[in-house]
Every structure is written in C-alpha cells, then in structure tokens.
Amino acid sequence: MLEKDIEKVIVSNEDINKIAKRLGTQLAEEYRDQFPLVVGLLKGCVPFMGTLIQNMDIPMEIDFMDVSSYHGGIESSGDIKINKDLDAQVKGRDIIIAEDIVDTGRTIKVVMDLLKYRGAKSVSVVTLLDKPAGRIVEIDPEYIGVTIPKEFVVGYGLDYDEQYRNLPYVGVLKPKVYNKE
Ligand code: 5GP
C-alpha cells in the first residue's frame, strides 16, 4: 500500500540487514568489554537500532532521547530542547549514538556535546545513512551504513510528515506526494 508512493528504492531491506550485521559485529568486537550504552534518537532510530543491537552479542544497555535542536548555534547545551531525556547514568560510560541519518550534523553534534558535558567517557556515532553533501557542522560518524547523495529519503525510521517510518527499506517519494496540498 505504501509502496505506491515510492519512486525508487535506495537501500533495500536485504542491504539494511547486511549493514546491521556488518556494523553490529564490528561494534560488538570493539565494545566487548565496555558495557556500552547505546542511545537512540527518537523516533527515527527505532527500526535500525532494533536490527543493529540484535547483531551485537555483548552485554549492553539501551536508552532513548528525543531532542529538538534549535538551529541558531551549537555552542551551549541551551540550544537543545530535550523532549525525553535518558534514564541511564552517562558519567564514565562508553556511549554509541544510533541514528537513522546524519545530514547537517547539527542534531548529532548537540547530543554529543551534551553527553560529553555530562561526563561520558567516550561518544561515537553509528548511522544507517550518511549524507555528507548536506553537512553544515563538522561531524564524522565512526560507523556508517551507506553514504547517499543529497536527496530526501523515507523509510526504515525516516518520515515524511510522520509517515513512512514503517517501510522496510529506504526510498525516495514520488513528487505527487509532496504536491498533494
Ligand atoms: P541533521 O541534524 O543531521 O541535519 O538531521 C538529522 C535529522 O534530520 C534526521 O534524524 C532526520 O530526522 C532528518 N533528516 C535529514 N535528512 C533526511 C532525509 O533525507 N529524510 C528524512 N525523512 N529525514 C531527514
């Protein structure tokens, strides 16, 4: 039913599963003795983080944040509105932020700064998609699923007007969907 709105598939479900396996295995090796805290940024992280952590066969904790960043600046933690904060203690922890996509880098940057400010021992980023052409803030995710061109995509957590997050793949919408209003 949702498929009729998709112009083309960019990353198939099979590819996403391969990516989650590759990155999950790598993270599990690197964080084996660290009891990492995997932090997902709601809501887009949900499908990818779910698949990723099933491929990480090590002791870990998971937690979620829901943040809105104000695009005025990133110098202080005051630029971030926390709609839902972490329950877990951050101080001294090795943290892996799980994201659906890094575009401008602003969201990740404010969250990384906040977690470091709160005393995290280390903070790294794993993202299903990287859109480096959109970058405004200097951020290099350590673990990248696939690099995509500067194109608006939906699916596997990514929404258009809060819809399409449940698509099992990442794709581009048909223009008629945007031009409906
Ligand atoms: P950033 O702060 O890096 O610019 O943006 C990250 C957030 O912007 C993502 O978590 C996502 O919510 C949104 N975003 C960036 N690019 C896209 C895209 O191509 N499609 C969708 N649906 N959301 C995007």
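Note that this is a predicted model, so its numbers are computed, not measured. Counting convention: from 1, in listed order, for ligands and their atoms alike.
- Screening residues 53-62 for side-chain hydrogen bond (donor to acceptor under 3.5 Å, both in side chains), with sequence neighbours left out, gives Glu61-Arg93.
- Proximity of Asp100 to ligand 1, defined as any heavy-atom pair under 4.0 Å, is confined to the side chain (atoms from C-beta onward).
- The main-chain N or O of Ile136 is never found under 3.5 Å from a side-chain atom of Arg106 such that the two would form a donor-acceptor pair.
- Near Asp159, the atoms of ligand 1 lying under 4.0 angstrom from a non-hydrogen atom of the residue are 21 (C), 22 (N).
- For Lys116, the salt bridge (charged side-chain N to carboxylate O under 4.0 Å, His left out) criterion is met by no residue, not counting sequence neighbours.
- The shortest N or O to N or O distance between Tyr160 and ligand 1 is not below 3.5 Å.
- Glu99 counts as a contact of ligand 1, since one of its heavy atoms falls under 4.0 Å from the ligand.
- Checking side-chain atoms of Asp5 against main-chain N and O of Leu173 turns up no donor-acceptor pair under 3.5 Å.
- Proximity of Lys131 to ligand 1 is established by a heavy-atom distance of less than 4.0 Å.
- Backbone and side-chain nitrogen or oxygen atoms of Val154 are examined, and none is located within less than 3.5 angstrom of a nitrogen or oxygen of ligand 1.
- Below 4.0 Å from some heavy atom of Thr107 lie the following atoms of ligand 1, by number and element: 1 (P), 2 (O), 5 (O), 6 (C).
- Heavy-atom separations between Ile108 and ligand 1 are all 4.0 Å or longer.
- Residue-ligand proximity: Gly105 is placed with a non-hydrogen atom under 4.0 Å from ligand 1.
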**OP:** Check the pair Arg118 / Asp85 against salt bridge (Lys or Arg N to Asp or Glu O under 4.0 Å), numbers first and verdict last.
**Re:** CA-CA 12 Å; Arg118 289 179 175 177; Asp85 207 343; 2.7 Å; yes
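- Under 4.0 angstrom from ligand 1, the non-hydrogen atoms of Glu151 all belong to its backbone.
- For the pairing with Ile6, the side chain to side chain contact (heavy atoms under 4.5 Å, CB included) check across Leu167, Val170, Val177 returns one residue only, Leu167.
- Side chain of Asn13 to backbone of Tyr169: no donor-acceptor contact under 3.5 angstrom is found.
- Looking at ligand 1, you'll find an N or O of Val153 within less than 3.5 Å of one of its N or O atoms.
- A donor-acceptor pair is defined here as one N or O able to donate and one able to accept, closer than 3.5 Å; no such pair exists between the side chain of Lys8 and the backbone of Gly171.
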